[in-house]
Colleague: 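Here it is: the structure, laid out below.
We're numbering straight along the sequence, starting at 1.
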Amino acid sequence: MTTDRAAEEVTDAAIAARTDSYFKRTRAVVERFGDARVTYAVFLRRPVISAPRLALDFLRRAAAQRGTDFAIELMHEEGQWAGAGDPLLYISGSFAKLSELETILLQKLGAPCVAAHNAYQMCLELPSASFLAMEARHCAGAEMQEMMAYAASVGSAAARKEGAKGFIGNANDATAHWFGEPAGRGTMPHALIGYAGSTVRAAEMFHETFPDEGLTVLVDYFGREVSDGLAVCARFPEIAASGRMAVRLDTHGGRFLEGLDPAESYAVLERHVPGAIRRYRSETELRHLVGTGVSAAAIWRMREALDEAGYPHVRIVASSGFGVGKCRVMAEARAPIDVVGTGSFIPDAWSETYATADIVEYDGAARVKIGREFLLRRNGARKKNGHG
C-alpha cells in the first residue's frame with residue numbers, strides 16, 4: 001500500500017464511510033455520556049495461521065491520526081498457529097476512538113489468516129516443491145491482492161520452519177516485496193502461444209526478447225503436451241541441459257494430457273507409484289490421480305517422456321487448482337513436481353474468514369456477552385500459546 005493511500009485510509013471521513021453505521025452511532029453516544037477504556041478480544045472461529053500485520057498497521061496509523069495510543073497485545077505472533085476461538089490479539093484504548101475501527105480491522109485480519117493457513121498446509125504437503133503465488137487474477141481489486149500475497153508469504157515462512165521450500169515468489173511486481181523479490185516472475189500466457197501460432201515459435205520469440213532469462217513454456221495450448229514439450233527441448237538443447245528450462249502443465253480439466261486415457265493413466269501410476277492407487281479414494285482424489293487435467297499421472301507421464309528423451313534437467317511446473325487437497329494427493333503419488341503455480345490458497349468458503357471482535361473489559365472490569373466467556377483474560381492476561 002502506498003504512503004498516500006495508507007494516509008487517506010485512516011482519515012475520519014474514510015473510516016466513517018467504510019465502517020458499519022452502528023459503530024458511528026456508538027461513538028456519538030459514548031462521547032455524549034462519557035468515554036471508557038475498553039479491551040477488545042479478536043478471534044476467528046477456525047484454526048488459522050496468525051497474519052496480523054496489515055490489521056496492526058491500520059490500527060497504528062488510525063491511532064496516530066486520532067492522536068491517541070492503542071495498547072496491542074498480540075497473543076500469536078505472525079506465522080504462529082492459533083486454534084478456533086483463541087484470541088489472536090487484545091486491543092485496549094478509548095472506546096470512542098476504537099469503536100469505528102472494528103469493521104475495517106476485521107476485514108484486514110480474517111482473510112489473510114485463513115489464506116496463510118491454506119498456504120502453510122499446501123507447502124507442507126509438497127515440501128520439496130517450490131511454489132509461485134498466482135493469486136492476483138482471482139482477487140477483487142488491489143487491496144485483496146495485497147492481503148492474499150501477504151498471507152501466502154506468512155504461510156510459506158511458517159512452512160519453511162518445518163523444512164518446506166515454500167513460496168519463492170509471485171507473478172506480479174506490486175506484491176513481490178512480500179516474497180523478498182524485486183519483481184514478479186513468469187514467462188508466457190496461453191495468449192502468446194496463440195499469437196505465435198506454435199509452442200516452439202512462442203518459445204523462440206520469448207528467448208529472442210529475453211535471452212538472459214530462463215525459459216518456462218506452456219505446453220497444453222494445442223493438446224500436445226508431450227510432443228510440444230520435447231520439441232521445445234530439441235530446439236533449445238543447451239538451455240534444456242543447463243536446468244534453465246521448464247515445461248508448465250496447465251491442461252484443461254475437460255480432457256486428458258496427450259496420450260493418456262483412464263487405462264493409460266492407471267498404467268503410468270502402476271509403473272511408478274502403485275501404492276497410490278491401491279486404497280479407497282474419493283471421486284475428487286481419483287480425479288487428481290488419474291483423471292483429466294493436470295493429474296498425478298499426467299505429471300509422471302511428462303517426467304517419463306523428458307527423461308527418456310534425454311532431458312532429465314528440464315523441470316516441471318504444474319498449475320490448475322492446486323489447493324490443499326490436490327497437493328496432498330500429489331504428495332501421496334510422489335508426483336515429480338518442481339514448481340507449483342497457484343492462487344488456490346485464497347479461501348474457498350469466505351464465511352470462514354469472518355473475524356470477530358468482542359469487548360471483554362470496560363474500565364478494567366471484565367464483562368462480555370453470554371457465551372463468549374472464553375475470551376476473558378485469565379488473571380488479567382491470557383497465556384500465550386501456539387506453534388509455528
Side-chain angles (χ1 to χ4, degrees), residues 126 128-130 132 185-273 288-322 330 333-342:
L126 289 172
S128 62
S130 299
L132 186 69
R185 301 187 182 197
T187 53
M188 64 184 68
H190 292 97
L192 183 62
I193 298 170
Y195 165 76
S198 78
T199 304
V200 171
R201 183 57 187 147
E204 292 173 338
M205 289 177 170
F206 183 90
H207 183 62
E208 289 175 28
T209 307
F210 303 101
D212 297 325
E213 293 197 15
L215 187 58
T216 297
V217 183
L218 273 164
V219 292
D220 64 285
Y221 189 96
F222 296 101
R224 299 192 299 263
E225 290 88 349
V226 174
S227 300
D228 283 359
L230 295 180
V232 172
C233 292
R235 174 63 181 82
F236 298 101
E238 293 182 359
I239 299 177
S242 72
R244 295 174 54 238
M245 179 179 289
V247 293
R248 178 181 159 204
L249 299 181
D250 196 49
T251 303
H252 187 271
R255 67 174 184 82
F256 284 92
L257 178 125
E258 178 189 13
L260 294 186
D261 55 25
E264 185 56 31
S265 295
Y266 274 100
V268 169
L269 293 190
E270 186 69 28
R271 291 196 291 270
H272 297 283
V273 282
H288 293 332
L289 280 174
V290 294
T292 55
V294 185
S295 65
I299 295 165
W300 270 113
R301 176 63 195 123
M302 193 74 235
R303 185 73 268 163
E304 270 186 347
L306 290 168
D307 291 349
E308 290 168 358
Y311 303 113
H313 300 298
V314 173
R315 295 169 296 129
I316 294 177
V317 178
S319 55
S320 187
F322 274 76
M330 291 296 168
R334 301 201 301 275
I337 303 170
D338 296 287
V339 180
V340 175
T342 181

Colleague: So, the side chain of W300 versus the backbone of V273: is there a donor-acceptor pair under 3.5 Å, distance only?
Modeller: no
Colleague: What is the minimum heavy-atom distance between A298 and G293, and which atoms define it?
Modeller: CB-O, 3.9 Å
Colleague: Starting at CD1 of I337, measure out to CD1 of I316 and round the result to the nearest 0.5 Å.
Modeller: 8.5 Å
Colleague: Which atom pair, heavy atoms only, marks the closest approach of P312 to D307?
Modeller: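 That closest heavy-atom pairing would be CA-OD1, 3.5 Å.
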Colleague: Taking all heavy atoms of S242 and all of I239, pick out the closest pair and write down the distance.
Modeller: OG-O, 2.8 Å
Colleague: Could I get the full list of salt bridge (Lys or Arg N to Asp or Glu O under 4.0 Å) partners for E304, not counting sequence neighbours?
Modeller: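 By the salt bridge (Lys or Arg N to Asp or Glu O under 4.0 Å) rule, E304 matches R271, R301.
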Colleague: Evaluate the side-chain proximity of R235 to E204: yes if any heavy-atom separation is below 4.5 Å, no if none is.
Modeller: yes
Colleague: Rounded to the nearest 0.5 Å, how far does CZ of R255 lie from CG of D261?
Modeller: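 That separation rounds to 13.5 Å.
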Colleague: For M330 and F322: C-alpha separation, side-chain torsions, deciding distance, then whether side chain to side chain contact (heavy atoms under 4.5 Å, CB included) applies.
Modeller: CA-CA 9 Å; M330 291 296 168; F322 274 76; 3.7 Å; yes
Colleague: Could you give the distance from NE2 (H313) to CZ (R244), rounded to the nearest 0.5 Å?
Modeller: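 Rounded to the nearest 0.5 Å, the NE2-CZ separation comes to 14.0 Å.
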Colleague: Looking at every non-hydrogen atom in both residues, tell me the closest pair between V314 and R303 and how far apart they are.
Modeller: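 What the structure gives for the nearest pair is O-NH1, 2.8 Å.
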Colleague: Taking C-beta and beyond as the side chain, do P336 and I299 meet within less than 4.5 Å on heavy atoms?
Modeller: yes
Colleague: Please test V247 against V317 for side chain to side chain contact (heavy atoms under 4.5 Å, CB included), starting from the C-alpha separation and ending with a verdict.
Modeller: CA-CA 6 Å; V247 293; V317 178; over 6 Å; no
Colleague: Is any side-chain heavy atom of S265 less than 4.5 Å from a side-chain heavy atom of L260?
Modeller: yes
Colleague: Just so I know, are the side chains of F206 and V217 near enough to count as touching, which here means a heavy-atom distance under 4.5 Å?
Modeller: no
Colleague: Measure across V340 and A129 and return the closest heavy-atom pair with its distance rounded to 0.1 Å.
Modeller: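 Smallest interatomic distance, heavy atoms only, reads CG2-CB, 4.4 Å.
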Colleague: Work out which heavy atom in V219 is nearest to a heavy atom in G229; give both atom names and the distance.
Modeller: CG1-CA, 3.8 Å
Colleague: Salt bridge (Lys or Arg N to Asp or Glu O under 4.0 Å): which pairs involve residues 308-322, sequence neighbours left out?
Modeller: none
Colleague: Side chains of P262 and F256: closer than 4.5 Å at any heavy-atom pair?
Modeller: yes
Colleague: Checking the side chain of T216 only, and the main-chain atoms of T187 only, is there a donor and an acceptor separated by less than 3.5 Å?
Modeller: no
Colleague: Are the side chains of L306 and L230 in touch, meaning some heavy atoms are under 4.5 Å apart?
Modeller: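 With C-beta onward as the side chain, the pair touches.
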Colleague: Sequence neighbours left out, cut at 3.5 Å: what donor-acceptor pairs do the side chains of residues 189-200 make with other protein atoms?
Modeller:
| unit_1 | atom_1 | unit_2 | atom_2 | d |
| --- | --- | --- | --- | --- |
| H190 | NE2 | D220 | OD1 | 3.0 |
| H190 | NE2 | D220 | OD2 | 3.0 |
| S198 | OG | R201 | N | 2.9 |
| T199 | OG1 | D228 | OD2 | 2.9 |

Colleague: I'd like to know if the side chain of E225 reaches the main chain of L257, judged simply by a donor and an acceptor atom lying under 3.5 Å from each other, with no hydrogens or angles considered.
Modeller: no
Colleague: Treating T292 as the side-chain partner and G253 as the backbone partner, does any N or O pair qualify as donor plus acceptor under 3.5 Å?
Modeller: yes
